[in-house]
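Just below is one structure, and these are the notes that go with it.
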2 protein chains.
Amino acid sequence: MPVTIYDVAREAKVSMATVSRVINGTAVVKEDTKKRVLEAIAKLGYRPNAVARGLASKRTRTIGVIVPDVSAAFVAEMVRGIEDIANMYDYNILLVNSDAQVDREVSLIGTMWEKQVDGILYMTNVLTSREIDAFEEAQIPVVLCATEDPERRIPSVNIDNYRSGRDAVNFLLQKGCKRIGFITMDEGFSVVADRRLQGAQNRMRGQELHVIRTGRGRYETSLPVIRAYFEAHDLDGVVAASDELGLAAIHAVQDMGKSVPEDVKVIAFDNTRLAVMVRPEMTVIAQPMYDFGAVSMRLLTKLLQDEPVDNYTVILQHNIVERAST
Amino acid sequence: MPVTIYDVAREAKVSMATVSRVINGTAVVKEDTKKRVLEAIAKLGYRPNAVARGLASKRTRTIGVIVPDVSAAFVAEMVRGIEDIANMYDYNILLVNSDAQVDREVSLIGTMWEKQVDGILYMTNVLTSREIDAFEEAQIPVVLCATEDPERRIPSVNIDNYRSGRDAVNFLLQKGCKRIGFITMDEGFSVVADRRLQGAQNRMRGQELHVIRTGRGRYETSLPVIRAYFEAHDLDGVVAASDELGLAAIHAVQDMGKSVPEDVKVIAFDNTRLAVMVRPEMTVIAQPMYDFGAVSMRLLTKLLQDEPVDNYTVILQHNIVERAST
DNA sequence: CTGTTAGCGCCTTCAT
DNA sequence: ATGAAGGCGCTAACAG
């Protein structure tokens, strides 16, 4: 039989209401009786039952985190940021993977609803109206992490993806590159990636930008695609939509007996730890992965306790970290 | 006002008990009334409140997952395995990071207790009696993932670490290596790593095994340490305790103008995706990271529903994947 | 097969 | 400053 608040009350010779008050600091309790209660709690090894608390208070201090796949470095780092801040504000996180599939995403929003999470942190490749509807139906505060919402109907934390694409190309241009390629996933796979490509194209000002599509952007499958493209086209600079693709680009170049950055310069997105584990180390458009999580979680806490929020669409800064690949 | 089971009952003109029965399939309900209930549920958009359910049934269908750090590739992959299986059995996971600090770990076990999780999946570097005591006090079923429990008091899923260390050294020996090194973290940092070193030393049969300690085993800080050691000692083969360290070893060799595998052969532990993203691709002792999570979660479900379990200490197979670094 | 009735453990007015 | 009492939404006997 687990010890309940009643047991503590009896032990301390007070009512359960008083015990509740000292636990929650929800009202002033005389110093002396508070002490007795605390002693009783310690003596009995009492732990408040969060489920009962949740039912009575309608707040679970639990946040739902929906991501495409935690095993991706980018996502894992972001989740770490979320959890750190959540922990700081005394929240726990319920983590689920959606594999970026709309059906699953909608279904998961439903489970979050049933579990009565206080809020949701949401990341996906493409945001559709089906998910938006699901959020509305569930009536749960949501913050988007590193996810584009064209309509801006939901609070979000992101970088300026369009601009980052422009910056990447601009960097190569200033390094003297003439024949530039943009290695990315298939169109429609990720709204974020598509935005960056747009920015990149804009910066080319009509000059040709070679677009190399690699399906879902995995290293293993992208490498041959990239190599084939390089063999057919003589490029001298590429921007890769992720570190993984950047790595594939570097290896594709090296496999051809050429070298980075002498023959081809490479700049990649993200800046996961992978970027410094390659030779040559990669120049990157660094993304604040940890901060995507940390800041969005912080924003969510504000939403949850009605703190004033001056900006529901937070744009974090990206920045170029120059290394040996350019 | 969220719709409750009462609303559904009224709408379907039955009692709430009947609604509960069709939701849970906990008793036979006449086909006709079941249909009415289902329609009412659909019409009202009813969602059962999992918190109330948890309070009444004393089971939350939530599993606590305590790991050192999700942002580590190994861990993230394992968590993915956990979540996939949890999802399959209709459980959700409450994820927390402990940074492998005992105080935090004990505190987190307490949190899991309060949240009334049905079970805990636990990973750490060093298991102490303080955590074991915390588990006992909380009275929650636990399964250890990729974590050594010398006493074998808690169900666990692991590989045979001692043997894997032996196998790694044996592999190098058979490749003709004479001066072998073992790159690992500081002693006491990880029981798993220490066990492997023991296995490695055993296989050397009295011959000298160079042990290179690199603190917490991070690439950035380990690289200079390894390079310094290589410059002072002429090794022709090394075992690295993780892919990250293996990568550092390869780069250390290359930085000296030597080459892998001609001058130094490298075999590493883990086989995260990093292993195939290096040149040369790394030979590894592959660990079933995903399966650590999947199998331990499956084991936990058995424990939770009193299914017969034939082995509380599951040993998964490790295996050598030979690539270009040896 | 279905309805009635207790709780589950806690928060939260409302009195005192 | 403290106690009494009524839910929160649901499960699980127990009747019928």
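Order of the sequence lines sets the chain letters (A, B, ...), proteins ahead of strands, with each chain counted from 1.
Identified under the side chain to side chain donor-acceptor pair (under 3.5 Å) test for residues 132-156 of chain B, with sequence neighbours left out: B:Glu148-B:Asn161. Applying the ring-ring contact (aromatic ring centres under 6.0 Å, His included) rule to pairs touching residues 122-144 of chain B yields B:Tyr122-B:Phe135, sequence neighbours excluded. Sorted by first then second residue, the side chain to side chain donor-acceptor pair (under 3.5 Å) pairs that include residues 293-303 of chain B, not counting sequence neighbours, are B:Tyr89-B:Arg298, B:Arg298-B:Thr301, B:Arg298-B:Glu307.
For B:Glu11, the side chain to side chain donor-acceptor pair (under 3.5 Å) partners at least two apart in sequence or on another chain are B:Lys43. Applying the side chain to side chain donor-acceptor pair (under 3.5 Å) test to A:Asn97 and every residue at least two apart in sequence or in another chain returns nothing. In terms of the side chain to side chain donor-acceptor pair (under 3.5 Å) criterion, residue partners of A:Thr128 (sequence neighbours excluded) are, by chain and number, A:Glu131. In this structure, the salt bridge (Lys or Arg N to Asp or Glu O under 4.0 Å) partners of B:Asp32, at least two apart in sequence or on a different chain, are B:Arg36. Under the side chain to side chain donor-acceptor pair (under 3.5 Å) criterion, B:Gln287 pairs with B:Arg196, B:Asp270, not counting sequence neighbours.
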Side chains of residues 49-56 of chain B: which donor-acceptor partners sit under 3.5 Å, not counting sequence neighbours?
{"residue": "B:Asn49", "atom": "OD1", "partner": "B:Val51", "partner atom": "N", "Å": "2.8"}
{"residue": "B:Asn49", "atom": "OD1", "partner": "B:Ala52", "partner atom": "N", "Å": "3.1"}
{"residue": "B:Arg53", "atom": "NH1", "partner": "B:Asn24", "partner atom": "OD1", "Å": "3.0"}

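Residues A:Glu39 and A:Lys35 are paired through a salt bridge, judged by an N-O separation under 4.0 Å between the basic side chain and the carboxylate.
An end-to-end axis angle of 30° holds for the helix from C:dC1-D:dG16 to C:dT16-D:dA1, taken from five base pairs per end and rounded to 10°.
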| message | Output one letter per nucleotide in nucleotides 8-16 of chain D: B when a protein non-hydrogen atom lies under 4.0 Å from the base, S when only the sugar-phosphate is that close, - when neither is. | response | BBBBBB---
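When DNA chain C is scanned in the 5' to 3' direction for atoms under 4.0 Å from non-hydrogen atoms of chain A, the outermost contacting nucleotides are C:dG9 to C:dT13.
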